[in-house]
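Worksheet: the structure to be examined is printed underneath.
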There are 2 protein chains.
Amino acid sequence: MKLTLKGIARECGVSPATVSRVLRNDESFRVSPEIREKVLETVRRTGYQPDFAARSLRSSKSRMVCICGLKSMPHPLGVYSSMIDGTVSELQSHGYEALLDFSSNSVNESAYGMKFDGIISLDSDPSEGVQSYIRRNDIPCVVLSGSSEKKFDSVSADDPAALATAMDFLYSRGHRRVAYAGTMFDHQQDHICVEERFECFNKYLLNKNMDRLDVSRKTLYDAVEFLHGAIVREKVSAVLAFDHFSGLEVYRAAMLLGFKIPEDFSLISFNDVYPVARLVPAFTVMAVPAEEMGKLAARRLVLRMKGEISGAAEEFRLTESLIVRDSVKSI
Amino acid sequence: MKLTLKGIARECGVSPATVSRVLRNDESFRVSPEIREKVLETVRRTGYQPDFAARSLRSSKSRMVCICGLKSMPHPLGVYSSMIDGTVSELQSHGYEALLDFSSNSVNESAYGMKFDGIISLDSDPSEGVQSYIRRNDIPCVVLSGSSEKKFDSVSADDPAALATAMDFLYSRGHRRVAYAGTMFDHQQDHICVEERFECFNKYLLNKNMDRLDVSRKTLYDAVEFLHGAIVREKVSAVLAFDHFSGLEVYRAAMLLGFKIPEDFSLISFNDVYPVARLVPAFTVMAVPAEEMGKLAARRLVLRMKGEISGAAEEFRLTESLIVRDSVKSI
DNA sequence: CTGTTAGCGCGTTCAC
DNA sequence: GTGAACGCGCTAACAG
């Protein structure tokens with residue numbers, strides 16, 4: 001015999017509506033403490049759980065959010081892994097579930113007509129499918145790890161500041177000739193951070209009157225060629241890598257070419273992600289506060305879903321931190 | 001105005017029941033081809049999608065499966081990432097959605113009374129919470145990456161065979177003194193593969209009359225100490241690592257201690273997971289067919305959910321493959 | 001503060 | 001082969 005709300009109501013000698021109110025913590029209805037306690041106790045004792053489908057059907061709220069915009073990756077999730085962890089756990093602590101949309105560019109059509117209450121988009125510019133879903137259902141969306149021209153709330157890392165921090169660190173250690181190793185992946189090209197980091201890098205050079213080297217590129221096609229050019233031709237003393245993937249490729253190139261880090265050149269990369277801390281030398285990195293970003297995005301989304309905020313979209317940028325390890329030396 | 005089944009029915013001049021039947025491909029009702037086509041066409045044209053909640057409420061089927069048993073990890077998902085990818089995509093191609101249960105040991109209580117149609121457990125021994133959920137709802141479960149003493153269907157990699165393959169390879173390259181570097185993580189201790197791989201390793205030694213070395217352990221606490229003992233004291237010529245994590249720790253220890261791979265010792269590990277192929281030397285590994293395992297588990301689950309099979313649990317073991325790269329030399 | 005009533009959008013009987 | 005009616009379990013709206 002299935003446990004239903006009606007059953008609990010009968011058991012307690014109250015009406016179904018009352019049980020429903022207690023269970024939903026309905027603010028607008030005051031319930032006498034005795035009844036509330038009795039209901040709660042019965043629910044605990046019986047292990048009753050409201051039926052998801054029925055609740056969702058009636059209220060046209062699913063308490064589910066869809067995490068989409070995850071680009072198909074040939075590689076592990078890296079920082080996204082922590083972001084998603086953060087988002088999911090925060091969401092759950094507010095009573096929401098998250099569905100990770102592994103499909104690519106629209107809110108998964110095969111999601112079977114599910115009504116999501118909100119969207120977390122890992123893509124700054126949600127696909128047309130996603131946007132239309134958002135409009136049709138009139139649900140909030142927050143962009144995680146990207147900005148969105150004020151269309152949606154967004155939370156991202158403060159890359160301009162981080163770039164400056166990293167470069168200041170290098171500068172303070174005496175580095176004047178530093179090369180930039182860009183992203184390795186085409187599918188990342190439209191992520192703001194690839195543009196932003198490179199641009200800020202160049203601005204920094206300008207500011208400090210440092211040479212802009214020919215090997216520095218927004219995209220890293222061939223790490224070996226890059227590193228050879230950087231060290232031999234450009235006499236670079238340090239390399240700044242766009243992310244841990246690029247960082248590792250440069251590291252690999254160094255081993256292949258017989259250069260030692262940090263003796264022959266210093267290396268600093270973005271993202272404190274496995275395995276950069278377990279390499280020799282361990283990488284000095286700018287760490288994106290991934291989990292915190294995930295949590296913030298979730299909190300923001302919850303606020304919107306609950307209608308507790310409704311104004312214009314806001315942009316949040318979280319500070320990255322410099323983690324000094326062994327891949328940079330003073331010169 | 002929301003598109004409902006009733007609306008489609010009106011549009012087509014038929015009854016809701018008819019529309020429902022053609023949409024569900026209801027075998028037991030024959031529908032005239034003209035009507036069927038008309039309905040299908042209207043659905044396509046309007047973009048109608050059955051409401052998830054209503055359908056689920058009515059049929060007490062959700063077309064969702066829960067992937068649970070993911071141990072909380074201090075590290076990236078490694079092979080699990082591909083397994084999950086495989087499972088999810090296969091599930092979706094059969095019209096099911098998957099919810100990754102990030103919470104730990106019971107089917108997420110906050111999952112809000114959701115009725116899952118099936119469970120994929122990454123844990124050989126699903127927690128009491130999960131098992132009780134399975135019993136209460138009478139749904140199928142398949143264990144992925146583990147066996148389950150015939151309680152549930154299971155799919156895993158054929159570690160005994162893989163171990164032999166790896167050791168044969170080493171043996172054929174002249175290695176007679178090989179040490180085993182076990183798992184690094186306590187939370188893995190109860191995974192069969194940690195027992196199985198170590199056991200098979202020892203059996204192999206016995207079989208081939210090779211020395212069983214004192215440094216070989218099921219658990220790797222300190223890679224540096226391990227490697228020092230293995231090379232200096234035991235004169236080991238090769239190390240077999242339980243997984244890519246252990247492999248990387250051994251690699252790290254080698255750099256720290258100044259040993260070169262494969263000049264000073266050869267290394268072979270399990271799991272072809274980032275970044276082992278991007279290290280210098282690139283690891284020779286036994287690759288678990290993770291994605292394929294995920295797909296197989298999904299297919300099996302779908303069969304059970306549809307009631308197309310119902311017999312006793314079966315155990316599937318998939319063959320791992322040896323990927324030869326640069327970390328093993330002949331002696 | 002609490003109970004009653006009326007559906008939410010489907011799938012499943014039954015009749016026809 | 002098709003339609004009408006009912007109800008899944010819950011919550012919103014309205015009484016009281």
Side-chain angles (χ1 to χ4, degrees), chain A residues 1-40 42-43 46-64 95 112-115 117 136-137 306-307, chain B residues 1-39 42-43 46-64 95 111-115 117 136-137:
Chain A
M1 182 53 202
K2 186 162 201 309
L3 220 44
T4 77
L5 192 155
K6 209 180 283 179
I8 303 290
R10 208 177 315 112
E11 188 105 355
C12 297
V14 296
S15 80
T18 302
V19 178
S20 176
R21 281 164 201 150
V22 173
L23 259 35
R24 284 177 298 119
N25 285 312
D26 191 327
E27 304 282 340
S28 59
F29 288 87
R30 312 206 55 71
V31 190
S32 76
E34 305 86 56
I35 293 195
R36 147 177 254 95
E37 206 26 71
K38 188 170 189 177
V39 169
L40 256 25
T42 311
V43 167
T46 56
Y48 164 76
Q49 277 210 315
D51 182 274
F52 171 81
R55 199 174 238 197
S56 173
L57 174 60
R58 181 61 234 211
S59 63
S60 53
K61 292 219 159 43
S62 63
R63 297 217 143 224
M64 302 216 65
Y112 206 67
M114 182 127 37
K115 289 181 294 263
D117 291 353
R136 284 202 313 274
N137 297 76
K306 290 188 174 166
Chain B
M1 181 53 205
K2 186 163 200 313
L3 220 45
T4 76
L5 192 155
K6 210 181 281 180
I8 302 291
R10 209 177 314 112
E11 189 102 357
C12 297
V14 297
S15 79
T18 303
V19 177
S20 175
R21 282 165 201 150
V22 338
L23 257 38
R24 284 177 297 116
N25 286 313
D26 192 326
E27 305 281 341
S28 59
F29 287 88
R30 312 206 52 73
V31 191
S32 76
E34 305 86 57
I35 293 199
R36 148 178 253 93
E37 205 28 69
K38 188 170 190 177
V39 169
T42 311
V43 167
T46 56
Y48 164 76
Q49 279 211 314
D51 182 273
F52 171 82
R55 196 173 242 199
S56 171
L57 174 59
R58 181 60 228 196
S59 64
S60 51
K61 292 219 158 44
S62 63
R63 295 215 145 227
M64 302 215 64
Y112 204 68
M114 183 126 37
K115 288 182 294 261
D117 291 353
R136 284 202 313 274
N137 297 75

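Order of the sequence lines sets the chain letters (A, B, ...), proteins ahead of strands, with each chain counted from 1.
The separation between A:K115 atom NZ and D:dT11 atom C1' is 13 Å, rounded to whole Å. Rounded to an integer number of Å, the gap from A:N25 CG to D:dT11 P is 12 Å. As a whole-Å value, the separation of B:K6 NZ from C:dG7 P is 10 Å. For B:R63 and C:dG11, the CZ to P distance is 11 Å, given to the nearest whole Å. With rounding to whole Å, A:L3 atom CG is found 16 Å from D:dC8 atom C1'. Rounded to an integer number of Å, the gap from CZ of B:R10 to C1' of C:dG9 is 13 Å. Between the C1' atom of C:dT2 and the CZ atom of A:R24 lies a distance of 14 Å, rounded to the nearest Å. Put simply, CG on B:L23 is 13 Å from P on C:dT12, counting in whole angstrom units.
Listed nucleotides D:dG3, D:dT11, C:dC8 differ in distance to A:L57; the shortest reach to its side chain belongs to C:dC8. For B:D51, whose side chain is taken as the heavy atoms from C-beta onward, the closest listed nucleotide among D:dG3, C:dC10, C:dG3 is C:dC10. Side-chain atoms of A:R21 lie closest to C:dG3 of the nucleotides C:dT13, C:dG3, C:dG9. In this structure, of D:dG3, D:dG9, D:dG1, it is D:dG1 that holds the atom nearest to the side chain of B:S32.
Looking at every heavy atom in both residues, A:A54 comes nearest to B:L57 through CB-CD1, 3.7 Å. Heavy-atom minimum distance, A:T42 versus A:E11: CG2-CG, 3.7 Å. Closest approach of A:A9 and A:P16 over heavy atoms only: CB-N, 3.6 Å.
Across its full length, the helix from C:dC1-D:dG16 to C:dC16-D:dG1 shows an angle of 30° between the axes of its 5 terminal pairs at either end, rounded to 10 degrees.
Checking A:A17 against B:S15, the closest nucleotide of DNA chain D that is more toward the 5' end is the one next to B:S15.
Contact annotation: B:S20 side-chain N/O to C:dG11 OP1/OP2 distance is under 4.0 Å. Within the structure, every side-chain polar atom (N or O) of A:R58 is placed at least 4.0 Å from both OP1 and OP2 of D:dG9. For C:dG3, one of the phosphate oxygens OP1 or OP2 lies less than 4.0 angstrom from a side-chain nitrogen or oxygen of A:T18. Taking only side-chain nitrogens and oxygens, B:S59 never comes nearer than 4.0 Å to OP1 or OP2 of D:dC8. Residue B:Y48 places at least one side-chain N or O under 4.0 Å from the OP1 or OP2 atom of C:dC10. Put simply, B:R55 has no side-chain N or O that comes within less than 4.0 Å of OP1 or OP2 on D:dC8.
In this structure, OG1 on B:T46 lies 3.5 Å from CD1 on B:I8, to the nearest 0.5 angstrom. Here the CE-CZ distance, from A:M114 to B:R55, works out to 12.0 Å after rounding to the nearest 0.5 Å. For the atom pair A:R36 CZ and A:C12 SG, the distance stands at 13.0 Å (nearest 0.5 Å).
Looking at B:D51 and B:T4, their side chains never come closer than 4.5 Å, going by heavy atoms from C-beta outward.
For NZ of A:K306, the number of neighbouring non-hydrogen atoms (other residues, nucleotides, ligands) closer than 6.0 Å is greater than 12.
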